[in-house]
J.: 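Sharing a structure with you now.
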Amino acid sequence: MDIQSTRDLLDYCQRENKSIAEAMIDQEHFKSGKPKQEIFDMMKERLEKMQRAVNEGLEDASEAPSGISGGDAVKMRAYIDAGDVLSGSIISDAMACSMATSESNARMGVIVATPTAGAAGILPGVLFSLHKNTDLDLDKLVMGLFTASMLGYIIANRSFISGAAGGCQAEVGSATAMAAGTIVELKGGSPQQAVHATAMAMKSLLGLVCDPVAGLVEVPCIKRNVIGTSIAFSAADMALASIESRIPCDEVIDTMYDIGKNMPRALRETALGGLAITPTGKQVKERLFSKTKLVKQLKGENSDESQNNDNGIKTASGVIPDRE
Amino acid sequence: MGYNSCFDIIGPIMVGPSSSHTAGAVWIGRAVFELLGEAPDRVEITLYDSFAETYQGHGTDKALLGGLLGFDTEDVRIKHAYDHAEEINLIHTFILEESCPEFNHPNVAIIKAEKGNKILEVGGASVGGGLSQIFRINNIKVEFTISTNEDLKKVVKYKNA
Ligand code: SF4
């Protein structure tokens with residue numbers, strides 16, 4: 001058993017009369033030989049770590065070492081507590097929990113990659129908002145993580161999940177797509193509906209480039225996580241309303257791959273394009289990296305590193321130290 | 001490609017900020033630690049492409065050192081890996097290069113390590129989501145992935161390579 005497409009997945013779910021989460025547990029059991037209870041417990045451990053990152057992040061107003069993120073989850077929580085939120089409690093709580101996680105990540109706190117650290121805020125955001133606002137208990141959320149991992153497994157093996165390989169569509173896009181399908185299954189939707197939600201969420205993020213300021217997983221990453229939760233809920237609600245993606249999910253995933261392959265290197269986590277090379281983005285990079293030891297040493301031998309940046313596309317050789 | 005388990009997707013549990021540039025890098029360093037059975041005396045680490053461009057912001061250097069010191073991906077000591085390396089006199093040099101001619105991926109690190117009179121060279125690529133692929137151990141081409149502590153057993157097989 002090795003499910004490589006959403007079509008395989010839906011066939012399996014129908015044949016065996018199982019949910020997507022159960023299909024994932026079956027496959028894991030089949031491939032690893034581990035007892036199902038052990039597999040469940042391992043996933044539960046991950047959920048608990050996620051919960052800790054959310055809780056810590058909601059309390060912690062400190063800045064990341066870079067000084068370019070931190071404190072926003074606390075602001076969001078205060079805004080929610082004031083009781084006049086436009087987007088309602090499901091969305092706003094998801095935003096706060098997601099921000100809390102991504103801010104913890106930027107502080108080098110302990111998080112769970114879902115599927116990556118850059119996109120680690122989306123699933124916990126969605127799950128812990130559902131936990132707070134509906135009657136879903138922690139064990140149900142663990143099942144949600146199995147749903148998410150099945151969808152992510154298909155995406156990762158057909159396409160990619162890292163910004164360096166495929167742009168942010170591969171990270172925030174994949175995580176949002178996984179979260180959308182997960183919400184549907186947790187809300188009692190069918191595997192078909194979950195797969196449609198996955199496709200609709202991913203379609204809305206196709207083409208998103210990876211352009212982190214100073215190469216840090218902070219700007220724009222944290223807010224993309226926060227907003228990813230809203231997209232996940234919108235896609236889930238559409239699917240639960242029986243709205244379908246006109247392009248089948250597997251084709252959407254394959255499109256993400258094609259787009260990623262054609263994405264210029266400058267827009268794939270090299271911090272050489274997009275928001276990273278805005279005037280402000282460049283200033284941040286200058287300010288941060290003039291401080292660190294290693295760069296000083298490199299700069300000593302190649303002091304015009306920043307000037308190589310004028311056309312926005314700097315080759316790596318600009319920072320290669322002279323080794324003689 | 002190469003994802004085998006739900007825990008490759010939901011996981012690893014790790015210190016931030018990047019699964020490919022932090023957690024994946026820990027595994028590459030850790031492969032060296034496992035092969036030597038202990039931390040090396042001296043390392044020369046070559047970072048390629050995206051690793052070379054953005055290692056500082058992602059703590060890729062700290063993560064590789066952490067792995068070389070035997071830390072897990074969720075070990076909060078990674079944040080201070082330079083201090084821990086200094087404590088045991090681990091001498092380290094980082095070299096930055098463009099694309100790796102040997103392995104076609106943006107996140108490649110090649111580690112040359114010495115321990116006593118043992119010399120070891122390991123090439124690895126962090127392919128995403130905290131999963132690393134080891135592609136060379138000394139002169140032997142290999143092909144396996146590491147994303148959990150259990151996967152480290154795959155490395156140990158090459159101990160006498
Ligand atoms: S912009 Fe890049 S680093 Fe930031 S979340 Fe997206 S893929 Fe990750």
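In what follows, chains carry the letters A, B, and so on, assigned in the order in which the sequence lines appear, proteins first and then strands, with residues in each chain numbered from 1. Remember, it's a predicted structure, so these values are computed and weren't measured experimentally.
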J.: Are any side-chain N or O atoms of Lys79(B) and backbone N or O atoms of Arg107(A), one a donor and one an acceptor, separated by less than 3.5 Å?
T.: yes
J.: Without swapping roles, check the side chain of His58(B) against the backbone of Leu216(A) for a donor-acceptor pair under 3.5 Å.
T.: no
J.: Need one label for Met108(A): side chain, backbone, both or neither, based on atoms under 4.5 Å from any heavy atom in chain B.
T.: both
J.: Is a donor on one side and an acceptor on the other found under 3.5 Å between the side chain of Arg46(A) and the backbone of Ile10(B)?
T.: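 A pair under 3.5 Å: yes.
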J.: Please check if the side chain of Asn157(A) supplies one atom and the backbone of Gly2(B) the other of a donor-acceptor pair under 3.5 Å.
T.: yes
J.: Measure Met50(A) against the heavy atoms of chain B and call it side chain, backbone, both or neither at under 4.5 Å.
T.: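 Only the side chain of Met50(A) comes within 4.5 Å of chain B.
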J.: Does this structure show an ion pair linking Glu150(B) with Lys34(A), if we count only N-O contacts that are shorter than 4.0 Å?
T.: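 Salt bridge: yes.
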J.: Which atoms of Asp75(B) come close to chain A, meaning under 4.5 Å heavy atom to heavy atom: side chain ones, backbone ones, both, or neither?
T.: neither
J.: Measure Ser18(B) against the heavy atoms of chain A and call it side chain, backbone, both or neither at under 4.5 Å.
T.: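 It is both, since atoms from each part get that close.
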J.: Given a strict heavy-atom distance threshold of 4.5 Å, which part of Pro12(B) is in contact with chain A: side chain, backbone, both, or neither?
T.: both
J.: Under 4.5 Å from any heavy atom of chain B, what part of Ser32(A) do you find: side chain, backbone, both or neither?
T.: neither
J.: Do Thr54(B) and Glu269(A) pair up side chain to side chain, a donor and an acceptor below 3.5 Å, judged on atom types alone?
T.: no
J.: Run the numbers on Val127(B) and Phe160(A) for side-chain contact (heavy atoms from CB on, under 4.5 Å), then give the verdict.
T.: CA-CA 9 Å; Val127(B) 297; Phe160(A) 17 50; over 6 Å; no
J.: For the side chain of Tyr153(A) and the backbone of Tyr3(B), is there at least one donor-acceptor N/O pair under 3.5 Å apart?
T.: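 Yes, the answer is positive, given that a donor and an acceptor are paired below the 3.5 Å cut-off.
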J.: With a 4.5 angstrom heavy-atom cut-off, which part of Ile25(A) approaches chain B: side chain, backbone, both or neither?
T.: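 No part of Ile25(A) comes within 4.5 Å of chain B.
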